[in-house]
Amino acid sequence: MIQEEMVVTAQTKIADGVFELRLSGRIATLVTEPGQFVHMRVPGESGMLSPVLRRPISICSVDPAHRELTLIYRVVGLGSQLLSNTCPGMKIDVFGPLGHGFPVDEVPAGGRALMIGGGVGVPPLYGLAEALTDRGIEVTHILGFRSDKDIFYEAQFAALGETVIFTDDGSHGRKGLVTDAIGEAAYDVAYACGPLPMLKAVQNVITEKPLFVSMEQRMGCGFGACLACAVHTTDAQDHKGYRRVCCDGPVFRAGEVELC
Amino acid sequence: MIQEEMVVTAQTKIADGVFELRLSGRIATLVTEPGQFVHMRVPGESGMLSPVLRRPISICSVDPAHRELTLIYRVVGLGSQLLSNTCPGMKIDVFGPLGHGFPVDEVPAGGRALMIGGGVGVPPLYGLAEALTDRGIEVTHILGFRSDKDIFYEAQFAALGETVIFTDDGSHGRKGLVTDAIGEAAYDVAYACGPLPMLKAVQNVITEKPLFVSMEQRMGCGFGACLACAVHTTDAQDHKGYRRVCCDGPVFRAGEVELC
Amino acid sequence: MLEVHLPGLDLKNPVMPASGCFAFGKEYGTLYDLNQLGAITIKAATLHARFGNPTPRVAETPSGMLNAIGLQNPGAEQIISEELPYLAGYDVPVIANIAGSEMSDYVQTAEKMSASPVVRALELNISCPNVKHGGIQFGTVPEVAAELTAKVKAVSAKPVYVKLSPNVTDIVAMARAVEQAGADGLSMINTLLGMRIDLRTKRPVLANQTGGLSGPAIKPVAIRMIYEVSQKVNIPIIGMGGIQSADDVIEYFLAGASAVAVGTANFIDPLICPKIIHELPGKLNALGVSDINDLVGRSWKSWNRKNG
Amino acid sequence: MLEVHLPGLDLKNPVMPASGCFAFGKEYGTLYDLNQLGAITIKAATLHARFGNPTPRVAETPSGMLNAIGLQNPGAEQIISEELPYLAGYDVPVIANIAGSEMSDYVQTAEKMSASPVVRALELNISCPNVKHGGIQFGTVPEVAAELTAKVKAVSAKPVYVKLSPNVTDIVAMARAVEQAGADGLSMINTLLGMRIDLRTKRPVLANQTGGLSGPAIKPVAIRMIYEVSQKVNIPIIGMGGIQSADDVIEYFLAGASAVAVGTANFIDPLICPKIIHELPGKLNALGVSDINDLVGRSWKSWNRKNG
Ligand SMILES: Cc1cc2nc3c(=O)[nH]c(=O)nc-3n(C[C@H](O)[C@H](O)[C@H](O)COP(=O)(O)OP(=O)(O)OC[C@H]3O[C@@H](n4cnc5c(N)ncnc54)[C@H](O)[C@@H]3O)c2cc1C
Ligand SMILES: Cc1cc2nc3c(=O)[nH]c(=O)nc-3n(C[C@H](O)[C@H](O)[C@H](O)COP(=O)(O)OP(=O)(O)OC[C@H]3O[C@@H](n4cnc5c(N)ncnc54)[C@H](O)[C@@H]3O)c2cc1C
Ligand SMILES: Cc1cc2nc3c(=O)[nH]c(=O)nc-3n(C[C@H](O)[C@H](O)[C@H](O)COP(=O)(O)O)c2cc1C
Ligand SMILES: Cc1cc2nc3c(=O)[nH]c(=O)nc-3n(C[C@H](O)[C@H](O)[C@H](O)COP(=O)(O)O)c2cc1C
Ligand code: FES
Ligand code: FES
């Protein structure tokens with residue numbers, strides 16, 4: 001966990017309002033788990049509208065040899081808008097890697113893993129899939145998007161394992177919800193990242209196998225000091241009663257915390 | 001008076017902490033008098049420190065044929081610091097031209113004009129000298145700087161007329177104050193721009209000939225609507241009792257307003 | 001979609017420049033057609049001409065500015081004879097902001113200004129110090145503000161909007177007091193009291209030492225106050241404080257405002273008012289809103305009652 | 001040059017993290033050596049553990065942020081047994097911020113926390129709503145704040161700094177009341193009450209609806225209040241609100257602060273406290289100042305009396 005100026009090495013639009021950003025710096029050599037994130041200070045452009053707080057973005061994949069991180073983000077507000085205006089060569093103040101990611105070792109050797117992603121919850125699953133296949137784990141991906149124009153990384157995921165695409169409107173792949181396909185998959189451990197309703201639905205379906213979910217919360221510090229991101233544990237007897245999404249998570253074993 | 005995005009065409013350091021900035025746009029075709037100014041919205045860089053208000057900078061010279069303005073400014077605080085980081089190709093939101101400048105026609109045909117400038121009060125005198133010499137007026141410049149390293153545009157002024165340089169420490173030109181040389185000059189009309197103590201000293205020395213001074217005040221709107229820049233008239237009987245530096249000035253006939 | 005009807009004010013849209021940031025309209029009138037505006041709030045009028053404070057009168061702050069203009073204005077009569085005729089040439093309601101140092105100043109100024117046919121409503125600036133009461137602000141003591149409101153209402157030929165100061169412990173108490181005293185509407189908020197110190201001179205930047213903080217920095221305070229007050233009064237609120245976009249206007253409506261004023265942003269972008277007005281319909285469409293009045297107080301109104 | 005001596009606090013430099021922005025130090029301790037800090041103000045302690053408010057608990061605003069954490073903490077005893085031992089390993093004075101919903105909560109918490117040898121001073125957070133008095137804040141009524149201060153002073157083994165809320169009409173009256181009641185120092189300011197509304201959901205962004213506004217946006221308000229209060233009290237002030245640079249620290253001293261706390265800026269730049277501490281000597285040298293204590297209140301102290 002360090003703070004440094006990382007250099008933008010590539011900025012590419014990969015779907016409607018979705019960008020792939022490559023950053024070079026030492027943080028890329030410090031990532032320990034897929035599903036960790038970085039907290040970025042987005043440079044302002046105009047005096048009247050500048051982001052103050054950092055923005056948390058998951059690490060999609062990492063290339064430590066080339067000291068490079070890949071992030072994928074959707075433009076939703078001011079910070080992500082300004083981030084999408086940064087160009088190769090520009091420097092961005094990045095703090096990371098932060099948090100606890102997906103436990104890769106939960107899948108027994110020679111086992112099978114299922115990944116379920118929705119929208120911009122999909123990116124960290126790519127790094128996870130890379131880490132799992134590196135270990136010889138067989139991976140299946142069920143990825144949901146709103147529509148044709150929102151899909152990204154289909155080929156990249158397909159190169160690693162079976163990949164089922166869903167769209168809300170059926171404009172590409174299957175029409176429906178990612179949960180529709182869970183029953184068809186064979187797996188030992190499941191991992192999910194995406195919008196809250198999706199996580200809840202997945203948690204309702206996958207009750208018999210280990211499931212790990214990645215959560216989002218608005219953040220202040222990003223590393224455990226401000227309690228902006230605290231969520232209740234499900235177990236009322238838990239000695240602390242809460243977890244911090246930024247440092248105890250963002251990935252939790254399903255059932256550890258209340259999904260909210 | 002319009003608001004537009006002007007394009008930076010050149011940014012050059014011309015003295016210690018002093019930059020010459022060239023901007024291209026329609027405003028360059030609308031300048032009517034030397035001594036007018038522009039009100040610039042300096043782009044912010046970081047979310048925590050971004051200028052909010054516009055910054056007033058005098059127009060040093062103008063090339064309407066090439067739609068180009070030249071400004072010269074000193075880095076003193078946040079806004080000027082950020083301005084000095086802008087590079088050719090970048091766009092800056094500029095509002096102008098604003099204010100009333102130096103009355104060129106006050107000098108009778110074939111007459112002589114004296115210009116007295118100090119520090120970053122020197123730039124608008126250059127455009128004035130150009131306008132006067134265009135009319136065949138003979139010009140003398142007395143320019144004061146703190147030290148050798150602060151001097152700029154000496155050759156440019158010398159090309160238009162006699163140019164006497166003063167430095168506070170005698171490191172270049174004469175040592176002393178610009179007022180020391182006023183008595184040696186022959187002129188019909190005098191113009192002054194520079195720090196307040198200099199303007200006051202000049203006004204005390206030049207009492208018999210027409211003198212015009214350019215003033216500075218902190219500004220809000222820059223065009224007469226907020227009264228941030230109001231100064232008292234010297235004449236207590238004046239029907240309004242005040243003048244707005246931004247639109248009634250910044251150039252006033254000596255004695256019209258209180259120097260403050 | 002944008003039309004708004006408030007006491008004395010039939011507005012084609014709810015966006016107006018805030019008092020003190022638009023003088024009497026002439027300067028902005030050289031930049032754009034003022035008929036685009038919902039209304040115009042003119043600079044504070046006092047009974048007699050005032051020069052105001054010495055300079056520097058403004059200072060920049062993070063996402064805001066401080067001002068201590070000091071109510072410079074040519075006095076009520078001069079404003080009526082010299083400034084209002086220009087505005088009479090436009091089809092835009094004028095709101096006259098009035099100020100004073102004693103109750104009697106306010107009353108006389110209100111009487112004069114409200115009598116002008118150009119003026120459609122008064123905005124009572126109660127943030128001024130009351131010289132008779134040892135400098136305490138009219139706007140910080142509910143009883144004093146109520147008394148002033150009642151006296152002004154008694155003489156005013158036009159509806160009276162009271163402009164509340166945010167520098168109080170209990171903004172709801174202030175709002176209720178002036179509503180009880182007959183206010184037709186509220187303007188919220190005036191500036192927060194602030195200061196900056198120059199490191200070089202070691203003295204306050206403003207000659208007046210303290211000044212009024214305005215701009216985006218204060219928007220969260222204004223939104224909070226309007227949210228609280230709009231739930232407790234039955235008169236409309238003109239919202240202001242840091243508005244610089246159509247999104248901000250919508251946020252004010254959701255909080256409980258029925259119209260808005262734009263102050264500081266005029267200095268940063270002189271065309272901001274017409275820009276906001278032109279952007280509003282698109283923003284409302286994107287939110288599925290067909291009438292901006294439906295948004296008033298929606299952040300606290302129950303979800304099933306439409307425009308309830 | 002940077003050493004500062006205040007009741008109970010001998011500081012190697014006047015810069016400390018503000019309460020609630022630094023937890024109990026462990027996280028920042030992984031980033032830098034906490035011995036560099038002048039002091040550490042720990043997160044508010046209450047008598048019993050509190051979970052705090054539902055999320056979202058933070059929102060961004062122009063040059064600031066809103067928070068409604070809701071005083072989440074493990075309770076005084078847990079803090080003493082689980083958190084303070086870590087800080088005991090550093091040579092940095094610890095200030096314990098304490099909060100409660102009733103006078104008796106505060107008193108018991110103060111007694112416990114002040115008894116810890118690690119704690120050098122208490123900071124009384126009087127911005128909390130008083131449940132017994134119908135939710136009115138302790139920090140908005142001078143008499144209530146004074147009573148609370150006196151009761152806490154009576155049981156505290158360490159000096160007591162009272163942290164004032166800026167959401168009041170008369171900050172000087174508040175300061176004088178707690179000084180009279182025995183406060184050893186003041187902390188100024190706590191957050192301004194604010195709100196943001198989400199245009200999409202049409203509801204307040206924070207689950208708690210309103211939150212505390214902090215960050216550079218509020219600095220001019222804090223500077224003004226410290227300028228006013230420091231001229232009227234004889235106890236030192238720890239200044240805070242939007243500090244993000246050594247220049248800001250100097251501005252606070254000029255206004256009348258004798259030490260400073262950095263809150264929100266820690267989230268933006270986790271290394272900001274040591275950065276400011278390292279920059280201070282150079283900035284003071286550039287201003288020709290050899291002892292930072294000479295700057296206290298220089299914006300209002302007469303020019304010829306040095307450090308007068
Ligand atoms: C651990 C974590 C990992 C994330 N990874 C990704 C990712 O890989 N790709 C991606 O596109 N998005 C990701 N997000 C969401 C991303 O942080 C937000 O979309 C982004 O902060 C929005 O910023 P903005 O300025 O564009 O939006 P605005 O709405 O203007 O932001 C305003 C404030 O709200 C916060 N905020 C808004 N939405 C969210 C959100 N969903 N989660 C947390 N804070 C939010 C912002 O950080 C900011 O402080 C992640 C969030 C978390 C917590
Ligand atoms: C009509 C006019 C013409 C000017 N022409 C020039 C010029 O040609 N070259 C040049 O170098 N400078 C000129 N100045 C001064 C220039 O405006 C300031 O140096 C500049 O605004 C400083 O901004 P800053 O952010 O760097 O400093 P900061 O001190 O950080 O600025 C803070 C605030 O104070 C204002 N301010 C600070 N100093 C001045 C000042 N001297 N006058 C007015 N406002 C000030 C800024 O605009 C800003 O609002 C002129 C000023 C005026 C009024
Ligand atoms: C330069 C300036 C002058 C102002 N003059 C007045 C005034 O004369 N009367 C008044 O009621 N408010 C005055 N105000 C306050 C504004 O009308 C408005 O309430 C406040 O600035 C908040 O809005 P904003 O953040 O959009 O500027 C003034 C504000 C500024 C910045
Ligand atoms: C996330 C957060 C939590 C806070 N928690 C506390 C607290 O527990 N007790 C307290 O007295 N102040 C608390 N504060 C207020 C700060 O200590 C400080 O007074 C305020 O934020 C102003 O300083 P700043 O602008 O540097 O943040 C908190 C502020 C923030 C932003
Ligand atoms: S974001 Fe600060 S504790 Fe999680
Ligand atoms: S700067 Fe607004 S009137 Fe001059």
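In what follows, chains carry the letters A, B, and so on, assigned in the order in which the sequence lines appear, proteins first and then strands, with residues in each chain numbered from 1.
Ring-plane geometry between B:F19 and B:Y73 is classed as parallel, the angle between the planes falling under 30 degrees on a 0 to 90 degree scale with a further cut at 60.
A donor atom on one side chain and an acceptor atom on the other are found under 3.5 Å apart for B:Q217 and C:T55.
Looking at heavy atoms from C-beta onward, C:F267 lies out of side-chain contact with B:V52 at the 4.5 angstrom threshold. At a threshold of 4.5 Å between non-hydrogen side-chain atoms, the residues C:L164 and C:I126 count as touching.
Among C:L271, C:D269, C:N73, C:V205, the residue with the largest count of heavy-atom pairs under 4.5 Å with chain B is C:D269. For the set C:R57, C:M65, C:K26, the count of heavy-atom pairs under 4.5 angstrom toward chain B peaks at C:R57. Chosen from C:G64, C:P270, C:G25, C:G20, the residue pairing most often with chain B at heavy-atom distances under 4.5 Å is C:P270. Ranked by non-hydrogen atom pairs under 4.5 Å with chain C, the options B:G220, B:G79, B:C260 are led by B:G220. Chain C forms the most heavy-atom pairs under 4.5 Å with one residue out of B:C229, B:A230, B:G241, and that residue is B:A230.
B:F95 touches chain C through its side chain: at least one heavy atom from C-beta onward sits under 4.5 Å away, while N, CA, C and O do not. With a 4.5 angstrom heavy-atom cutoff, C:F24 does not touch chain B via any of its atoms. Neither the backbone nor the side chain of C:N53 comes within contact range of chain B, judged by heavy atoms closer than 4.5 Å. If you measure heavy-atom distances from C:F22 to chain B, the contacts under 4.5 Å come from the backbone alone.
The residue from B:R54, B:R55, B:R218 that alone fulfils the salt bridge (Lys or Arg N to Asp or Glu O under 4.0 Å) condition with C:E60 is B:R55.
Considering all non-hydrogen atoms of both residues, B:D148 and B:S171 come closest at N-OG, 2.7 Å.
Summarising the geometry, atom CD belonging to B:Q203 is positioned 6.5 Å from atom CG belonging to B:L211; distances are rounded to the nearest 0.5 Å.
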